[in-house]
Engineer: 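Before anything else, here's the structure in question.
Every chain is numbered from 1, with letters handed out A, B, ... down the list of sequences. A quick note: this is a predicted structure, and the numbers were derived from the prediction, not measured.
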2 protein chains.
Amino acid sequence: MSVKPRPLAPQIACGDCQIRHRAVCARCDGDELRALEEIKYYRRFEAGQTLVWSGDRMDFVASVVNGIATLTQTMEDGRRQMVGLLLPSDFVGRPGRARAPYDVTATTDVMLCCFRREPFEAMIRETPHLAQRLLEMTLDELDAAREWMLLLGRKTAREKIASLLAILARRNATLQARAGSGGTITFDLPLTREAMSDYLGLTLETVSRQISALRRDGVIHLEGKRHITVPDMNRLLSEAGDDSDGGLVD
Amino acid sequence: MSVKPRPLAPQIACGDCQIRHRAVCARCDGDELRALEEIKYYRRFEAGQTLVWSGDRMDFVASVVNGIATLTQTMEDGRRQMVGLLLPSDFVGRPGRARAPYDVTATTDVMLCCFRREPFEAMIRETPHLAQRLLEMTLDELDAAREWMLLLGRKTAREKIASLLAILARRNATLQARAGSGGTITFDLPLTREAMSDYLGLTLETVSRQISALRRDGVIHLEGKRHITVPDMNRLLSEAGDDSDGGLVD
DNA sequence: CGAGCGGTTGAGTAGGATCAATTGTTGTGG
DNA sequence: CCACAACAATTGATCCTACTCAACCGCTCG
């Protein structure tokens, strides 16, 4: 249980940063960036590591630079629900709160750009660009959370799986900048079956069965356990129950 | 289907407003309040009315002054999930977005304090107090949404009901300023069984059965259909699975 | 080689959904 | 004043989806 010395990564100039235009700092001008450079430092985590435990003191907030992390809540008897999926440029922590309300776990290797909390809170108060961007990001997260609530409360297991795959596919599509809506899309699952079950409010057995079912029905193709091909995105979307089109299965 | 002329309510001075210190305007100083007075107007809605339809254009944002409203999402086949419960001082609408993503419905008579969207957005940019308060409120809503996700994804029907009752009881307790944690609490359900089922991701039959079960087991008492007494708040909390104490049922 | 881990599949079960009947309660019109 | 419709809610019977428990596969690592 001994903790390795925290891996501090070398400083990167904000100007060279991959997430410069999507993270909290997106709207900051030159002076503001320089102020941020003063209070930032990088930390690297390995896949599987817990970055923060629920209830822990957090004296930083951070942007995810690369990798994927999750927020999860756990009940006393061990039931777990993922409540956040953090991708590059997403924000971790809450200004004005010292204790973490959720476990934060790295599902892949993760690099964080951390800001010491106190000076960051001061900047929020003083530089409107930072506060405005954070507000915008928080509103987006709230919308995502509400979409997620519909999934958890009302969708069937099959629809849940299809929805998650659609989210991941769409994300990869924007990165690959292809596939208007109908084309073939390919990506790797960044989550284990267990993590997927925590996301979807299912058991891992049900996740596995439904993935198999979608494969049998030709909605997706699988190579190995993790590599997924979606031959027809519209088909996947209609399986997800989201429908832009009208569910024209037959 | 004819729409009554929208009920415009008489103007109230911000200084006399019940929600002055909890709404978006909570941190505003005198000048800022005066600017808000310029762009605000009141609207009243009757119980059951839909304030906004999903997809509609919204050219205002608003604070709930009194009454209770809900945000709901609906799938094509009619499955519905509530994704927000709006109480007095809560905020409706999103600066920077013209179209409503959810249906907003009054469950009781509701009064809104509306701000025309364009000037309000300008104020967000210029008066940091407004933006800061809105950020804070949005972060609180995000936390609430994540708590709700745990409920939807992992709790049993009985725990869901107990959780909802605990939330409503706690809210009334703060209003009545009593009942540290153990005392008797009494309140009226502001929701129909159907609205509760939309909140909890259940059917209304299951809601009814579980309320009956909690009554049989002495966790709550019922007078009529809507008036609820909680003799032991800790008992209710442990039924909800939230537990501050360890679930010491036997 | 065996242990550990991620994943798949099968058999049996249970919790909540579905379909249906019934009881108030309220409000409307004759 | 009562009959009737509309609506909220309760309760019962039955069904089915997803959970539970269990065995097993393939791969990696020590």
Engineer: Could you go through B:V61 and B:V92, starting from their C-alpha distance and side-chain angles, then the distance that decides it, and tell me whether this counts as side chain to side chain contact (heavy atoms under 4.5 Å, CB included)?
Structural biologist: CA-CA 6 Å; B:V61 296; B:V92 187; over 6 Å; no
Engineer: Any chance you could measure B:D188, atom CG, to B:K225, atom NZ, to the nearest 0.5 Å?
Structural biologist: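 Answer for the CG-NZ pair, B:D188 versus B:K225, is 14.5 Å.
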Engineer: How many angstroms lie between CD in B:Q81 and CG in B:L200, if you round to the nearest 0.5 Å?
Structural biologist: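 Those atoms lie 8.5 Å apart.
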Engineer: Could you measure the distance from the CD atom of B:E159 to the OG atom of B:S238? Nearest 0.5 Å is fine.
Structural biologist: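 If I round to the nearest 0.5 Å, the distance is 9.5 Å.
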Engineer: I'd like to know if the side chain of A:T50 and the backbone of A:W53 have a donor-acceptor N/O pair within less than 3.5 Å.
Structural biologist: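 No; judged by distance alone, with no hydrogens or angles, the pair does not exist.
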Engineer: To the nearest Å, give me how far apart CG (A:D198) and P (D:dC19) are.
Structural biologist: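 After rounding, the gap between these two atoms is 12 Å.
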Engineer: Between N or O atoms, less than 3.5 Å apart, protein on one side and nucleotides 23-30 of chain D on the other: list the pairs.
Structural biologist:
none

Engineer: When rounded to the nearest 0.5 angstrom, what is the spacing between CG in A:D59 and CZ in A:R99?
Structural biologist: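 Nearest 0.5 Å value for the CG-CZ distance: 10.5 Å.
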Engineer: What does the list of N/O pairs under 3.5 Å between the protein and nucleotides 8-18 of chain D look like, with a distance for each?
Structural biologist:
residue: D:dA9; atom: OP1; partner: B:R226; partner atom: NE; Å: 2.8
residue: D:dA9; atom: OP2; partner: B:R193; partner atom: N; Å: 2.7
residue: D:dT10; atom: OP1; partner: B:R193; partner atom: NH2; Å: 3.1
residue: D:dT10; atom: OP2; partner: B:R193; partner atom: NE; Å: 2.7
residue: D:dT10; atom: OP2; partner: B:S208; partner atom: OG; Å: 2.6
residue: D:dT10; atom: O5'; partner: B:S208; partner atom: OG; Å: 3.1
residue: D:dT11; atom: OP2; partner: B:S212; partner atom: OG; Å: 2.8
residue: D:dG12; atom: N7; partner: B:R209; partner atom: NH1; Å: 2.8
residue: D:dG12; atom: O6; partner: B:R209; partner atom: NH2; Å: 3.0
residue: D:dA13; atom: N6; partner: B:R209; partner atom: NH2; Å: 3.4
residue: D:dA18; atom: OP1; partner: A:A157; partner atom: N; Å: 2.8

Engineer: So if I apply the side-chain contact (heavy atoms from CB on, under 4.5 Å) rule between B:V207 and each of B:I161, B:L164, B:L191, which one comes out positive?
Structural biologist: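 It is B:I161; the other options fail the test.
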Engineer: Just the rounded figure in Å: distance from P of C:dG16 to CG of A:L152.
Structural biologist: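 From A:L152 CG to C:dG16 P: 15 Å.
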Engineer: Between the two end axes of the helix from C:dC1-D:dG30 to C:dG30-D:dC1, each built from 5 base pairs, what angle do you get to the nearest 10°?
Structural biologist: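 Between the first-five-pair axis and the last-five-pair axis there is 20°.
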Engineer: Check B:R80 with B:D103, please: is the shortest side-chain N to carboxylate O separation under 4.0 Å?
Structural biologist: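 Looking at B:D103 and B:R80, the cut-off is not met.
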Engineer: Hey, could you give me the CE/CZ distance between A:M111 and A:R43, rounded to the nearest 0.5 Å?
Structural biologist: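 Rounded to the nearest 0.5 Å, the CE-CZ separation comes to 12.5 Å.
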Engineer: Between atom CG in A:L214 and atom C1' in C:dT8, what is the gap in whole Å?
Structural biologist: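 Value for this atom pair: 15 Å.
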Engineer: OG/A:S163 to CG/A:L152 distance, rounded to the nearest 0.5 angstrom?
Structural biologist: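 Result: 10.0 Å between the selected atoms.
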